[in-house]
Amino acid sequence: MRIAVGVRSDGGAALLPLADDGTPVGAVERVDDLAAAVAERERLGPRWVWSASRVVYPPLLAAGVRVARCHDVELTESLLLGHAGRYGEPRSVRAAWARSRDEPVPADEPLEDAGRQPSLFDESGPDEDVEMIAAVHAGQLARIAAGSAGLSLLAAAESAGGLIAAEMGHDGLPWRADLHDALYTELLGPRPSLGMRPRKLQALADQVAEAFGHVVNPDSPAQVVKAFKDAGFPVPSTRAHVLKQIDHPAVPIVLEYKELARLWTAHGWTWLDAWVHDGRFRPEYVVGGVVSGRWATRGGGALQIPKVLRQAAVADPGWKLVVADAAQLEPRVLAALAGDRAFAAAAAQGDLYAALAHVFETAGTTRTASGVAAAKDKPSARDKAKIALLSAMYGGGTGEGVQLLGVLRSRFPEAYEYVENAAREGERGRLVRSRLGRTCPPPSEAWREVAGEESGGGAARSRGRFTRNFVVQATAADWALVLLASLRRRLAGLSGAYGSEGAHLVFFQHDEVVVHTPEKQAEAVATAIRESAEEAGHLMFGRTPVVFPMQIATVDSYADAK
DNA sequence: ACTGGGGGCGCC
DNA sequence: AAAGGGCGCCCCCAGT
């Protein structure tokens with residue numbers, strides 16, 4: 001059973017019951033209080049069909065109402081457009097409606113970054129047309145059925161992701177501002193007044209000046225490059241790995257400055273003021289914000305939290321954080337995708353790289369220019385396996401990586417061929433898809449012109465690297481999304497309801513999830529995570545020997561999960 | 001004063 | 001022979 005929702009700007013709505021194929025099975029019903037109406041009908045277990053959880057759901061959450069399932073028209077439209085090679089076209093209900101009728105398609109509203117939680121309720125825009133939403137939804141179901149297998153699961157998982165993103169943005173990650181402040185005071189000195197560097201940072205800047213004999217702004221790459229050049233050390237850039245190569249007293253100081261300066265500017269006291277309130281960090285997640293299906297965030301830098309800062313994420317008293325990450329997700333995904341039996345057998349192990357190590361035992365002569373370095377940093381067989389796989393998935397490989405790729409090719413031809421094929425498709429300008437059908441964007445017109453002129457040129461190879469990586473990264477994102485949806489359902493089962501009173505998701509970062517849970521349920525949460533990972537593997541790949549083990553830690557502080 | 005590209009680096 | 005995927009966010013700096 002489905003119920004379409006057309007939200008009114010005054011907090012009311014129009015509801016329209018639908019059959020599972022999307023056809024209306026009743027009359028439009030007007031309600032004055034959407035939250036109350038949803039709460040009441042949620043007991044029937046419907047799938048809510050609405051324009052976008054991004055807009056509709058936050059006001060419901062604020063009213064204390066949560067739902068189990070939805071069909072997010074906007075997210076689904078994005079997936080379907082991409083699948084049809086029309087990546088980036090307007091995805092709103094109105095746009096989808098207009099497209100289906102060959103009418104002029106209105107541009108999407110820009111995602112506002114000023115007003116935090118966007119909401120229909122506090123805008124004076126036009127009311128949504130529930131019959132239009134229902135019609136677009138029905139059309140989407142038909143397009144899903146006509147598309148590649150997996151699209152149905154993908155749309156459901158993406159919609160669940162929309163709910164989860166809104167819920168995590170609402171509930172927030174437990175955050176101890178006092179610990180954050182104490183850590184920063186220790187690292188940088190006390191919070192400086194506006195426009196001033198923290199004491200420690202200023203001291204380092206002074207030391208930089210001393211080392212060069214004149215004032216150099218370490219925040220300015222141009223000034224630093226010039227200073228090293230004038231000192232007889234020409235460098236192409238001030239990247240850390242470049243500076244580490246040269247022997248000048250300013251190097252360690254500049255590097256320390258840059259490390260601390262980044263902590264300060266990206267996640268310092270200003271960030272704390274802006275993003276942490278009432279003991280919670282509430283980022284704004286953007287579902288499908290990355291073309292591969294990974295999420296992005298807007299404003300809070302939630303997916304780039306420095307590891308050292310994780311000690312500020314601490315469970316409430318009597319609660320725990322259950323932190324879980326999928327071990328070696330991407331190579332496992334490749335193994336399952338390619339159906340390479342030898343490779344999959346290795347991926348049936350806990351440590352995939354170790355299981356592959358024997359194959360690379362003697363491979364790859366260390367022919368580094370510096371013999372000393374080669375002897376010291378000689379990679380283990382396990383390291384070689386890792387390098388070979390990363391090279392295969394990223395399209396890279398320098399020196400030894402090339403030889404190791406050769407080993408991969410001869411021992412695991414199907415896995416090798418899978419990513420090679422994706423690269424060839426990309427070089428020819430074709431589209432590639434994830435396991436569930438998420439599709440890469442088409443190359444630009446400019447690319448087609450360049451690629452046509454000089455085949456095999458840099459642009460083509462770059463595109464090949466992109467599509468090579470896309471099939472793996474996007475399938476890993478599929479898997480993570482399916483896991484997330486499954487876990488959300490299981491956590492609701494543990495608590496008896498969707499909500500933050502019991503165990504609930506508080507953080508998600510590509511292949512890692514964090515659940516905030518009453519201590520008593522931590523064990524059950526860990527079990528739910530393992531079951532969800534297993535379910536995701538089966539839903540995505542059917543029968544496969546590949547396992548997706550989760551590394552799970554139950555901790556007070558996020559930093560304690562290693 | 002504002003904007004946008006580039007450098008650099010945080011996370012995966 | 002060489003070859004390195006995806007983001008967000010900060011600062012600087014040149015252009016307007």
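Nothing here was measured: the structure is a model prediction, and the numbers come from that model. Proteins get letters first, then strands, A, B, ... in listed order; numbering begins at 1 in each.
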Report all interatomic pairs (protein N or O, nucleotide N or O of nucleotides 12-16 of chain C) with separations under 3.5 Å.
residue	atom	partner	partner atom	Å
C:dC12	O3'	A:Ser220	OG	3.3
C:dC13	OP1	A:Ser220	OG	2.5

* Pick base, sugar-phosphate or nothing for A:Ile305, based on heavy-atom distances below 4.0 Å to the nucleic acid. => sugar-phosphate

Sequence neighbours left out, cut at 3.5 Å: what donor-acceptor pairs do the side chains of residues 405-414 of chain A make with other protein atoms?
residue	atom	partner	partner atom	Å
A:Ser410	OG	A:Gly406	O	3.4
A:Ser410	OG	A:Val407	O	3.0

* To do: Describe the nucleic acid contact of A:Val291 in one word from base, sugar-phosphate, nothing, applying a heavy-atom distance below 4.0 Å.
  => sugar-phosphate

* Asked: Expressed in angstrom and rounded to an integer, what is the separation of A:Arg262 atom CZ from C:dC9 atom P?
  -> 10 Å

* **Pairs satisfying salt bridge (charged side-chain N to carboxylate O under 4.0 Å, His left out), at least one member in residues 431-443 of chain A, at least two apart** => A:Glu158-A:Arg438

* When all nucleic acid strands are considered with a 4.0 Å heavy-atom cut-off, which category describes A:Gln509: base, sugar-phosphate, or nothing? -> sugar-phosphate

Ignoring hydrogens and angles, write down the donor-acceptor pairs under 3.5 Å from the side chains of residues 321-331 of chain A, residues two or more places apart or on other chains.
residue	atom	partner	partner atom	Å
A:Gln328	OE1	A:Arg332	NH2	2.8
A:Gln328	OE1	A:Leu352	N	2.9
A:Gln328	NE2	A:Asp351	OD1	3.0

* Asked: What is the bend of the helix from B:dA1-C:dT16 to B:dC12-C:dG5 when you compare the axis at one end with the axis at the other, using five pairs each and rounding to 10°?
  -> 0°

* Going 5' to 3' along DNA chain B, which nucleotides are the first and last within contact of chain A (any atom under 4.0 Å from a heavy atom)? -> B:dG7 to B:dC12

* Asked: Expressed in whole Å, how much space separates the C1' atoms belonging to C:dA3 and B:dG8?
  -> 22 Å

* Asked: Base, sugar-phosphate alone, or nothing: which one does A:Gly289 contact when heavy atoms must sit under 4.0 Å apart?
  -> nothing

* Touch class at under 4.0 angstrom, heavy-atom based, for A:Ala240 against every strand present -> sugar-phosphate

* To do: Remember a base hit wins even if backbone is also touched, and classify A:Arg463 as base, sugar-phosphate or nothing at under 4.0 Å, heavy atoms.
  => nothing

